[in-house]
Amino acid sequence: MNIQAKWIKTVPNMGEMCPEFRKVFSADKKIVKAEACVTSLGIYHMYINGAKVGDYVMTPGYTSYATRVQFQRYDVTELLCANNTVSVVVGKGWMYSALGTPPRPAVDCSNIAIKASIEITYEDGEVVVVATDDSWEIYTSKVVFSEHYDGDTIDLSADIVKLGNAILDEENKPAVIEQVGEFVAERERMIPTQLIITPKGEKVIDFGQNFAGYVEVRIKGKKGDRVVINHAEVLDKDGNFYNDNLRSAKCCMTYTLSGGEDLLKPMFTFQGFRYIRIDEYPFEEIDINNFTGVAIYSDMTRTGHFVCGNDKLNRLYSNIVWGQRSNFIDIPTDCPQRDERLGWTGDAQVFCRTAAINYDVEKFFRKWLQDVAIEQTPEGGIHGVVPTCGVNGKRIAAAWGDCTTVCSWEMYKAYGDLEMLRANYPMMKKWVEYMHGKGDEEFLWVGTYHYGDWLAMDAGYGVYIGATQTDLIASAFFAYSTAILIKAARTLGLDEDVAHYEELYKNVRAAFREAFMKDGMPVVYPKADGLATDRPVKGVTQTAIALILRFDLCEDNEREALVTRLVELIKEHDGCMTTGFVGTPYILHALSDNGRTDAAYDLLLQEKNPSWLFSVNNGATTVWEHWDSFDANGKMWSTDMNSFNHYAYGAVFDWMFGNMVGIKIRDDGPAYSKIVIEPSPNEGIGFAEASVDTRNGRVFTSWRYIDGRVRYEIELPKNTEAIVRIPGMDEKVLKGGAYVIYK
């Protein structure tokens, strides 16, 4: 961004109209290079001589706006001529939409601002800069209303009117930084599968896939004709359009036609949906060939692939991938549809390992973790939502704040960027110290509000927080994050920190065992959360045992009894999990790590509710927020918190990849330079294979049953070492190359 560029804002009392900033300039010599840099407080589209600059959407992205905003750099050499008009149309986007659940105060467009420069290099070497200042003019635009949750209202028949000159915006503004994360782009294009006339007589188009993005409509109608589209994820049990779960989000697109050939699509919003309802349309007949769904998400490179002999598991994997696509729109969101779509830290924490298998998310998480660090409180607390907004988003809770340690460490393991780990280390350390300083117990985190085992099934129908003690969960994550911090300190060569936090970990682990365990089993700690009256609180739960086993909070001689009890608890619940957001990512690992891979497979393949395959059997194309988002009779769980596109439970794929197919990164082998290959074949599934493109090359593993034997294939890139553990065979160490093993 050229130093001559100034922040400029629109005229006062702009109301809901999205402004267009415009500048006319000439270029009277031969241009050899022209580069535009632009950012905004709001979401922008830049045009030069009527042509859109760049292929990206939702720019400049979502950052901690009080501190920093990204700018984008474009080569515009081919767009310039002798006489030029540059325009920037800006909507409220994340910055000025009232994010979070109601009440959401109305915010108009009067404070929308931009900063931009175009550097033109002529053939003779002269450099000319066209930069934002108060000579730029403000015009109305075709976008007469835009709001993040509610949609755009676009009038293509509207006259464009000059409103005056831009105003220099001399108030304190965020730092302007070059693009850090991935751009958001239009990706897959979805062809409608059918036009449905519902029992209520609604005209509904089904795209066959739940996704995040928008609908593109090609149409020619009379000037002033309207097209109004509403969005939904599901139909109700009677086959009618259902969008009550969107809460206050309207998710409505309204277009007024120009009278010519129109291409309709949003400029500043997106929706999460599978179905659209056509509420207004200028023709009696609807040709679905004129409608195209456009999936948008961060422009990440696909790296991981998986397929097996069970079609339902393949569908589950597709649902997991689509859940990631839908919720990786510049930040890791919880869901893409209702009045939320926020960067919930807990969801990111449980899913980040799976995310880094499916896609290259290094840049994506680098940018978001920088904002996590920026918004860390002076005491070290981490908000539940980053960038932070809304009352609920400011809560500090275990498993949510642990995104600092978990995501940072998983990104290091996946990509091996030591400098990124070094940059995140102070944040990780402050978080552990925050937990250390909470409450009256030095080595426990007890007595404060947490989200607990969110949406678990063991506290009764309709209860948000599961029956596992939130104090147990918080103290378990205190130990877990401290253990991760020790690994990071050791990796960075910080010997004093290693010694200090090893001592802290020893004390935390001992305090946990004294407070929350008796005779090798979890018990209720008779203080704080153990005295809760808002829900049943139990000592022995599936989540409590899973965390104790997975986080190594038990002694070796206690493991057998714990895993046996875990299996019993599963059987007592008709062979199903009762775990929520905290327990579910760990339960299969807790079983397979302790000799019960058979029980882990039983859970994975379970089809009764709650299970991963229950949603698959009920037509899901993404992962649900609730195990019982709707039940076997089609009854919806609720309207207030019932997303059908929530990726958190998709974290199961890190078990499918790391245990079922058997590819695991060693702590001392970042970027898959040293791995463990330890597959767990299952004859009922028949075969499974997975690959991941790493910084060192492609890693591939498969197993397949052939005539009563198992054929294993392993491919390792050069400079890679793998410890290979095949059931019934001695351990082997393999170097780069392709291998076939029969057992």
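Side chains are part of it too, since the values below use all heavy atoms of this structure and drop only hydrogens, waters and symmetry mates.
- Applying the side chain to side chain contact (heavy atoms under 4.5 Å, CB included) test between Tyr412 and each of Asn424, Ile665, Asp417, Leu418 identifies Leu418 as the sole match.
- Under the 3.5 Å distance criterion, the side-chain polar atoms of Gln324 are matched with a main-chain donor or acceptor of Ala355.
- Although no hydrogens or angles enter the test, the distance criterion places no donor-acceptor pair under 3.5 Å between the side chain of Thr333 and the main chain of Pro336.
- The residues Glu721 and Lys674 are annotated as not salt-bridged, no charged nitrogen and carboxylate oxygen being separated by less than 4.0 angstrom.
- Sorted by first and then second residue, the salt bridge (charged side-chain N to carboxylate O under 4.0 Å, His left out) pairs involving residues 477-488 (not counting sequence neighbours) are Lys487-Asp667.
- In this structure, the ring of Tyr297 has its center no less than 6.0 angstrom from the ring center of Phe328.
- With values rounded to the nearest 0.5 angstrom, Lys732 atom NZ is found 5.5 Å from Ile741 atom CD1.
- Between the side chain of Ser326 and the backbone N or O of Gly323, no donor-acceptor pair lies under 3.5 Å.
- For Glu419, the CD atom counts as densely surrounded, since its 6.0 Å shell holds more than 12 non-hydrogen atoms of other residues, nucleotides or ligands.
- Listed by first and then second residue, the salt bridge (charged side-chain N to carboxylate O under 4.0 Å, His left out) pairs that reach into residues 319-328 are Glu188-Arg325, sequence neighbours excluded.
- Remark: Lys506 pairs with Glu503 by the salt bridge (charged side-chain N to carboxylate O under 4.0 Å, His left out) rule, at least two apart or across chains.
- For the ring pair (Phe, Tyr, Trp, His ring centres under 6.0 Å) condition, no pair includes a residue of residues 714-734, sequence neighbours left out.
- Screening residues 664-700 for ring pair (Phe, Tyr, Trp, His ring centres under 6.0 Å), with sequence neighbours left out, gives no hits.
- Heavy-atom minimum distance, Ala515 versus Leu444: CB-CD1, 3.7 Å.
- Annotation: side-chain contact (heavy atoms from CB on, under 4.5 Å) contacts of Thr597 (sequence neighbours excluded): Ser592, Tyr601, Trp655, Ser680.
- Between the side chain of Thr584 and the backbone N or O of Phe581, no donor-acceptor pair lies under 3.5 Å.
- Each of Trp431, Phe516, Phe512 was compared with Trp445 under the ring pair (Phe, Tyr, Trp, His ring centres under 6.0 Å) criterion, and only Trp431 meets it.
- A side-chain donor-acceptor contact under 3.5 Å links Thr354 to the backbone of Asp654.
- For CG of Asn557, the number of neighbouring non-hydrogen atoms (other residues, nucleotides, ligands) closer than 6.0 Å is greater than 12.
- Using a cutoff of 4.0 Å between basic side-chain nitrogens and carboxylate oxygens, Arg68 and Asp371 are scored as salt-bridged.
- Atom CD of Glu514 has 12 or fewer neighbouring heavy atoms from other residues, nucleotides or ligands inside a 6.0 Å radius.
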